[in-house]
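First up is the structure itself, then whatever we jot down about it.
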Protein chains: 2
Amino acid sequence: MAERTNVPVIEDREPPVMRWWGWGRDTSSSTLPPHALAFLRETVGVAERPRPPVALSNVRLPDPALDARALDALREIAGREHVLDSHTERVLHAAGKGYPDLVRLRAGEPEGAPDAVVLPASAEQVGAVLELCTRSRIAVVPFGGGTSVVGGLAPLRGEHAAVVSLDTRRLRGVLELDRESMLVTVGAGMRAPALESHLASRGLTLGHYPQSYEFVSLGGCAATRSAGQASSGYGAIAKMVVGLRMRAPAGALDLAPFPATAAGPDLRALVVGSEGTLGVISELSLRVRAAPAAQAYEGVFFEGFEAGVRALRVLAGEHAMPDVARLSDEGETRMSLALAGAGGVRDRVGRLYLGLRGYGEGCLAILGFEGAAEEVAARRKRALALARRAGGLGVGASVGEAWRRSRFAAPYLRDELLTHGVLVETLETSTRWSNLTRLRAAVARALEQALRARGTPPLVMCHVSHVYETGASLYFTFLARQREGEEIEQWREAKDAASDAICMHGGTITHHHAVGRDHARWMRVEVGAEGVATLRALKAELDPAGVMNPGKLLP
Amino acid sequence: MAERTNVPVIEDREPPVMRWWGWGRDTSSSTLPPHALAFLRETVGVAERPRPPVALSNVRLPDPALDARALDALREIAGREHVLDSHTERVLHAAGKGYPDLVRLRAGEPEGAPDAVVLPASAEQVGAVLELCTRSRIAVVPFGGGTSVVGGLAPLRGEHAAVVSLDTRRLRGVLELDRESMLVTVGAGMRAPALESHLASRGLTLGHYPQSYEFVSLGGCAATRSAGQASSGYGAIAKMVVGLRMRAPAGALDLAPFPATAAGPDLRALVVGSEGTLGVISELSLRVRAAPAAQAYEGVFFEGFEAGVRALRVLAGEHAMPDVARLSDEGETRMSLALAGAGGVRDRVGRLYLGLRGYGEGCLAILGFEGAAEEVAARRKRALALARRAGGLGVGASVGEAWRRSRFAAPYLRDELLTHGVLVETLETSTRWSNLTRLRAAVARALEQALRARGTPPLVMCHVSHVYETGASLYFTFLARQREGEEIEQWREAKDAASDAICMHGGTITHHHAVGRDHARWMRVEVGAEGVATLRALKAELDPAGVMNPGKLLP
């Protein structure tokens, strides 16, 4: 009755490579529209002259530190053409896409670079690379789509003399599709869009859409415990990973895709979120679903953030959650209306928005429904009725559709802001419902104070984008004029202030960006001294020489 | 807007104590009706004379091995009256409620007993007990409701000279109810019915109903990764545990109840399922839901097991899962109709069942829906329509209600079967949909062969009781005439054969009974050599002296 494919389908399109200094392919282009630039000039201020990135050839890198013997051994394992140490490849693997990464890269001064990039083609080759690196004391930074925004890809050597980037791009392809069980098994280097395209042609979907969707690898999503924009419906990646294989220096962890088990602690949950510090995920078995036949995205206005939060809480409690549920606060609503400009969301919402008393500044929510047509219609109707009863004002599908069309756009915009001398950073947390508005206020205040104190008063915005029965996420975006020459210090002051506020006020240090290097210091607060000791013990077992992604996750 | 209770509500009713030789309170009674006994006599055979348990005073225990100094130190920590070493208390803590446990207890020959039972009243006292036991090399068996059926409570000493049972009954009470966040925080010794009663009076429910519901502690449920009968709707315990505190010999693990986080590997998932081998869970923060205003339980017949499985798979794929979904195979359906006798399910189903061609032996499914009245009506309608389309024949609510009323009855029946010299045991697994019927056949065959080979041909029955998007659980019950004087060997042969078949045919060694002692040997197959090494590393960190529940979980 059910089709079952056991023949591996190797994805042969090369995955996309992002431009070295920012987001998107090298051919991508976007410019900030004049009205948006004007808005920024009026609010946070912009640089007098644009600050473009330096030329690639002007990016300064240290000389490769890998000796010829190690290089030869790597070539022996992966093949000569799959060990790269050109200037370009080293720059492309020198960092992720966090704000400090981009600031440094654009200035031509990354903190360092891997001494070589190795591209193994199988779990066995991964194992051989890790054994070699353990023996030769070479640090290994696993590299999937290269989209980390928390320093997860910083080419740190730890105590070792050299560091290689282990790029998983050749570990791609569909190894098995078990339609009857709604399970797909893929090489962990496979990119999300390639898998979605493979599944779509068979009427299926994974449903994982982080903002980095266009470039992420599935192994990277699992390693960082990613949550997609449709997580309220499809769940975060941790819910999708049913089975996996990880190669660690000490051996292979092979966890079969049981739908559920009570056989001891869930070791899958140890690998998911391990951020390359324990080993390299080589294979994932993921739950898939029927591709949605229908989609409906709606805009709903609320008088204020608290009213909107209350409505989301009602939806969660009544089992009426949309698949996508986002709620912007007043600042973010204002900003997105301003940036959209003529013809954008502002026009579509304008009349209603301005005309209706009581909605004042207002907060825009996007509610998205996906599935079979009837089911979408019924869920949409029920959710909108509940939202209305909670004070929501429907502003129609065009607003929702506008959000959906631009859902992956923000990182492109960031490059433009950097060119105009504007600091833009995002950070996120989650907390229980009863603490949500308090935590939002505390983090916003901390960012305000930190940036204002040094003469660059910010715009701070926030939205809820992941909703659970017991609480929700908070996602902050803040903009300020860059302090030229002190960009990193400025960023660090703001980031530290926000992170301290998060931890002091009952939030998790990260809801879905992961820990990387940037959040490692707060792990002691997050999981306590014994939690950190437990993670260290895990690492000592799986990576006894400490070569895996040094300086990440653990404080 | 939301009520929040921060004042601990200490549950002061003493939790129930089960009779030492079987299931239920000492006052419980049940006798096998004559037609059921006749059925057993005809099929597997029964003992010529009833085999009642020995008198409590005839249960032989080794002398307590705990020296006076250690006993005094325990009394110092928990108070004199909370360290028990009477014959009765030692017997009550000598085993769980697995088949071999009951066979041994009824014969007056348990394998051993704890040297003392200690009842700490706080996490601090737990910590002090664990420190003392680590220092003095005394093994510790955490004891919640005492319902383990996999040897999880066997009073094994490991390498240590003595063993104490750490009974969590005094760690009970509601510490916080955060209604706005739908989170309740309880002492881990709290029993499930006490919490449900506390929540029910506030319009809430946890929704966790394992068959051991009447007696289980919530800490025990978390430690064993329990799944309740309504897991398709409410999720297994792992989905309910949002935060927790565990005391380990090395320190305290305190994991706050964030709705979601990406801060490294999920340490909650390490504690859930750790079966007392790492430490003692002292506190749990659990997600609660609105108490269901309406409930509808329906019986549906299918022509055969495969047809029924197909229907459940459709329900899972169409997001139309009932909260309870069970499907008995032909053997179990026949048996439950036979045991129900006159006035039971057989009468209610009889006419339809017999009258309809094509349903021959037939397989009975129970679909249960809980929630707001409208929601239940809509979900019931949709699920029954899908089930009909998949070949199901609705046989009405009375059959469903009959199941619901007797949902906790099976363990009581077991005591009766033992009195009549009948071996009765259950075991369970889960696998992906595409492997489900194959695995069921393999396990049933293994049990048949193992028991038939030694002259006690069994009745083997199976049901699906937990349904997931990618697969389902299989729960086997088997009966055979006891080989008198060789009861344990007989059981072990059957258990080994079934466990080997499960592992060889793609099942997990346990879906919800946990590993305990009985499944430890198969953990190497389940998680591999590196998985076992990882679990050992965790234990070495948290329990360096190896005092926590020796001989369980790890092979």
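Proteins come first, then strands; the chains are lettered A, B, ... in the order of their sequence lines, and each starts at number 1.
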Region of [X] that comes under 4.5 Å of a non-hydrogen atom in chain A:
X         : value
Ala472(B) : backbone
Leu535(B) : side chain
Thr510(B) : both
Ser274(B) : both

Go through the atoms of [X] and report whether side chain, backbone, both or neither lie under 4.5 Å from a heavy atom of chain B.
X         : result
Glu428(A) : neither
Leu436(A) : neither
Ala260(A) : both
Val272(A) : backbone
Leu270(A) : both
His319(A) : side chain
Ala238(A) : neither
Ala252(A) : backbone

Check whether any side-chain heavy atom of [X] sits under 4.5 Å from a side-chain heavy atom of [Y], and report yes or no.
X         : Y         : value
Met182(B) : Trp433(A) : no
Thr470(B) : Asp178(A) : no
Glu530(B) : Met246(A) : no
Leu553(A) : Pro265(B) : yes
Thr534(B) : Leu538(A) : yes

Closest-packed option against chain A by number of heavy-atom pairs under 4.5 Å, given [options]:
options                                    : value
Val527(B), Ile237(B), Asp254(B), Val288(B) : Val527(B)
Thr431(B), Ile509(B), Val271(B), Val242(B) : Thr431(B)
Ser430(B), Ala537(B), Gly471(B)            : Ser430(B)
Gly506(B), Gly531(B), Ala263(B), Ala248(B) : Ala263(B)
Ala533(B), Ala269(B), Gly264(B)            : Gly264(B)

Pairs of heavy atoms under 4.5 Å with chain B: top-ranked of [options]:
options                         : answer
Thr277(A), Leu253(A), Leu278(A) : Leu253(A)
Ala250(A), Ala372(A), Ala256(A) : Ala250(A)
Ala290(A), Ala236(A), Gly507(A) : Gly507(A)

Please check if the side chain of Arg432(B) supplies one atom and the backbone of Pro257(A) the other of a donor-acceptor pair under 3.5 Å.
-> no

Does one side chain, of Ser434(B) or Ser181(A), offer a donor that lies under 3.5 Å from an acceptor on the other?
->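 Per modelled atom types, Ser434(B) and Ser181(A) side chains form a pair under 3.5 Å.
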
Counterpart residues, salt bridge (Lys or Arg N to Asp or Glu O under 4.0 Å), relative to Glu469(A) (two or more places apart) |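 With neighbours one apart ignored, the set is Arg287(B), Arg289(B).
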
Could you pull out the closest heavy-atom pair between His512(A) and Ala262(B), with the gap in Å?
-> CA-CB, 3.6 Å

Drop me the distance from Arg268(B)'s CZ to Asp266(A)'s CG, to the nearest 0.5 angstrom.
-> 13.5 Å

Within 6.0 angstrom of Glu375(A) CD, more than 12 heavy atoms from elsewhere = yes

Could you list which of residues 514-525 of chain B have a heavy atom closer than 4.5 Å to any heavy atom of chain A, in residue-number order?
->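 Checking residues 514-525 of chain B against chain A gives Ala514(B), Val515(B), Met523(B).
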
